[in-house]
Amino acid sequence: MKLYDLSRFKGVIVAMNACYDEQGEVNPGAIRKLASHYTSLGVTGLYIAGSTGEGMVQSMEERKLVLQSVMEAVGGETTVIAHIGAASTRESAELAGHAERVGADAISAVPSIYYNIPESGVERHWRTIIESVSLPFIMYHIPQTTGFRVSLELLRRMAKLDKVIGIKVTTESAYQLQQFKMAGGDRFLVFNGPDEQYLAGRLMGADGGIGGTYGVMPELFLQIERCLSEGLIREAQSWQFKVNEIIAELLQLPLYAACKAILELQGFNCGRPRSPLEPLSEEGRRQAAAIYEKIVRFTAETKQAGRP
């Protein structure tokens, strides 16, 4: 029996970009400003220190500082999920303990990275993390970066644990997402990962989505969600097409750097991505500025549609 209010995790959850200062150090002020901005727009929640949040290129203390800064800004106002995945189980458990102490609403983790860990090892890794705290746990399935594929058998075993409330599915297969939802059952959440198929994932059973490009155009994803909730599927589709037009252009550039350049134009200076993630060239910055103008235009259209 799940012990948590699962309704707090359904809908649009922004995977926040990392925020650095001019010296490349974590910038708590910028983090608080950005987190407050998303909360003011009415997103369901924030996902911290995942791929978009550059958690894997930050130290343990930096990851703790990032989460602490988010909680200072929006703790209790919106749902906060802390990604605590790390190479070692010990590090993940330490980050989980910190997340619990600062008041995060849930933790999430990829399988252990770098080593080719068998399914039994991944299960042991996740179970150890889960047992270290009282927070609900969300598995993160992203095989293109971890090299590990969650099987239906592993998902069924994990879903039986009271603290395991869901899985983020970052694959291009909406079929796999639907199979995970069926295997997990009604009290098990599935989060769509690929931003370009937010609507498809929702229609195939996802309870919401967690995505990085949400951060530069949250109003558009909120518009898809509103249309979907009102049964306006064709209208939701038209907004997803607009989102995908933007994503297609973003993918021509170093993604995290492009998103940060757009956030800067929106008034949120998050610095540059941390090496080895690629920076933007001057031409790339010009392209990002053109994408920003398109986002501004599409966002204005959401207001004209009569759904603030």
Side-chain angles (χ1 to χ4, degrees), residues 14-38 40-41 43 46-59 62-63 65-66 69-70 73 83 142 144-145 170 172 193-198 210-223 239-303:
V14 176
M16 268 187 59
N17 282 93
C19 296
Y20 304 118
D21 61 21
E22 293 299 321
Q23 289 72 46
E25 302 298 327
V26 169
N27 187 337
I31 293 167
R32 290 192 289 266
K33 181 180 178 181
L34 189 58
S36 296
H37 167 66
Y38 293 136
S40 72
L41 293 176
V43 301
L46 303 173
Y47 191 88
I48 310 303
S51 303
T52 303
E54 302 178 38
M56 293 303 186
V57 293
Q58 294 174 348
S59 70
E62 286 177 319
R63 291 176 71 170
L65 177 59
V66 170
S69 300
V70 170
H83 175 256
I142 182 169
Q144 62 266 43
T145 61
T170 304
E172 295 181 352
D195 301 2
E196 60 273 22
Q197 67 176 41
Y198 181 86
I210 300 171
T213 67
Y214 299 9
V216 297
M217 48 182 166
E219 296 92 343
L220 301 187
F221 283 94
L222 288 169
Q223 188 73 351
W239 290 107
Q240 181 73 66
F241 288 173
K242 287 180 170 66
V243 163
N244 287 1
E245 184 177 334
I246 293 166
I247 290 175
E249 295 179 14
L250 283 172
L251 292 177
Q252 300 304 308
L253 301 168
L255 180 60
Y256 303 134
C259 287
K260 288 189 173 195
I262 292 168
L263 284 170
E264 184 176 351
L265 291 169
Q266 293 173 343
F268 305 96
N269 192 345
C270 299
R272 296 184 177 184
R274 180 166 286 180
S275 180
L277 297 171
E278 291 185 86
L280 275 186
S281 64
E282 285 305 310
E283 174 58 28
R285 293 190 71 83
R286 285 190 287 272
Q287 291 176 259
I291 298 170
Y292 162 72
E293 293 297 336
K294 185 171 290 187
I295 292 172
V296 169
R297 187 169 73 252
F298 288 164
T299 299
E301 291 177 15
T302 67
K303 297 180 174 62

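Everything numeric here is computed off the predicted structure, so don't read it as measured data.
Residues passing the side chain to side chain contact (heavy atoms under 4.5 Å, CB included) test with Ser275: none are found, sequence neighbours excluded.
Contact annotation: the side chain of Met217 approaches that of Ile247 to within less than 4.5 Å [non-hydrogen atoms, C-beta and beyond]. The shortest distance between side-chain heavy atoms of Leu250 and Ile262 falls below 4.5 Å. No side-chain heavy atom of Pro254 sits under 4.5 Å from any side-chain heavy atom of Leu277. Side chains of Tyr38 and Leu34 form a contact here, defined as non-hydrogen atoms less than 4.5 Å apart. Gln266 has its side chain within reach of Ile295: a pair of non-hydrogen atoms, C-beta onward, lies under 4.5 Å apart. Contact check for Leu265 versus Val296: no side-chain heavy atoms found under the 4.5 Å cut-off.
The heavy-atom pair separating Cys259 from Val216 by the smallest distance is O-CG1, 3.5 Å. Residues Leu46 and Ala35 share a closest heavy-atom pair of CD1-CB, 3.8 Å.
How far CG of Asp195 is from OH of Tyr214: 5.0 Å, rounded to the nearest 0.5 Å. If you take SG on Cys270 and CG on Asn17, they are separated by 6.0 Å, rounding to the nearest 0.5 Å. Between the CD atom of Glu219 and the NZ atom of Lys303 there is a distance of 5.5 Å, given to the nearest 0.5 Å. For the atom pair Leu280 CG and Arg286 CZ, the distance stands at 11.0 Å (nearest 0.5 Å). Distance CE/Met16 to CD1/Ile31: 6.5 Å, rounded to 0.5 Å.
Screening residues 27-37 for side-chain hydrogen bond (donor to acceptor under 3.5 Å, both in side chains) gives Arg32-Glu72 as the qualifying pairs, with residues at least two apart or on separate chains.
Using a 30° and 60° split on the angle between ring planes, Tyr198 and Phe221 fall in the perpendicular class, above 60°.
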- request: Before giving the answer on side chain to side chain contact (heavy atoms under 4.5 Å, CB included), spell out for Thr302 and Leu222 the whole-Å C-alpha distance, their side-chain angles and the decisive distance to 0.1 Å.
  value: CA-CA 9 Å; Thr302 67; Leu222 288 169; over 6 Å; no

- request: Start with the C-alpha gap between Ile246 and Thr213, add the side-chain angles, then the distance that decides, and say whether side chain to side chain contact (heavy atoms under 4.5 Å, CB included) holds.
  value: CA-CA 9 Å; Ile246 293 166; Thr213 67; over 6 Å; no

message: Please determine whether salt bridge (charged side-chain N to carboxylate O under 4.0 Å, His left out) holds for the pair Arg285 and Glu282, giving the CA-CA distance in whole Å, both sets of side-chain angles, and the decisive distance to 0.1 Å.
response: CA-CA 5 Å; Arg285 293 190 71 83; Glu282 285 305 310; 5.0 Å; no

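Of the charged side-chain nitrogens involved, none lies within less than 4.0 Å of a carboxylate oxygen, so that Glu245 and Lys242 do not count as a salt-bridged pair.
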Return all side-chain donor-acceptor pairs below 3.5 angstrom for residues 49-57, not counting sequence neighbours, or 'none' if the list is empty.
{"from": "Glu54", "atom 1": "OE1", "to": "Tyr20", "atom 2": "OH", "distance (Å)": "3.0"}
{"from": "Glu54", "atom 1": "OE1", "to": "Arg274", "atom 2": "N", "distance (Å)": "2.9"}
{"from": "Glu54", "atom 1": "OE2", "to": "Lys260", "atom 2": "NZ", "distance (Å)": "2.9"}

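Dense packing is recorded around CD of Gln144, with more than 12 heavy atoms of other residues, nucleotides or ligands lying under 6.0 Å away.
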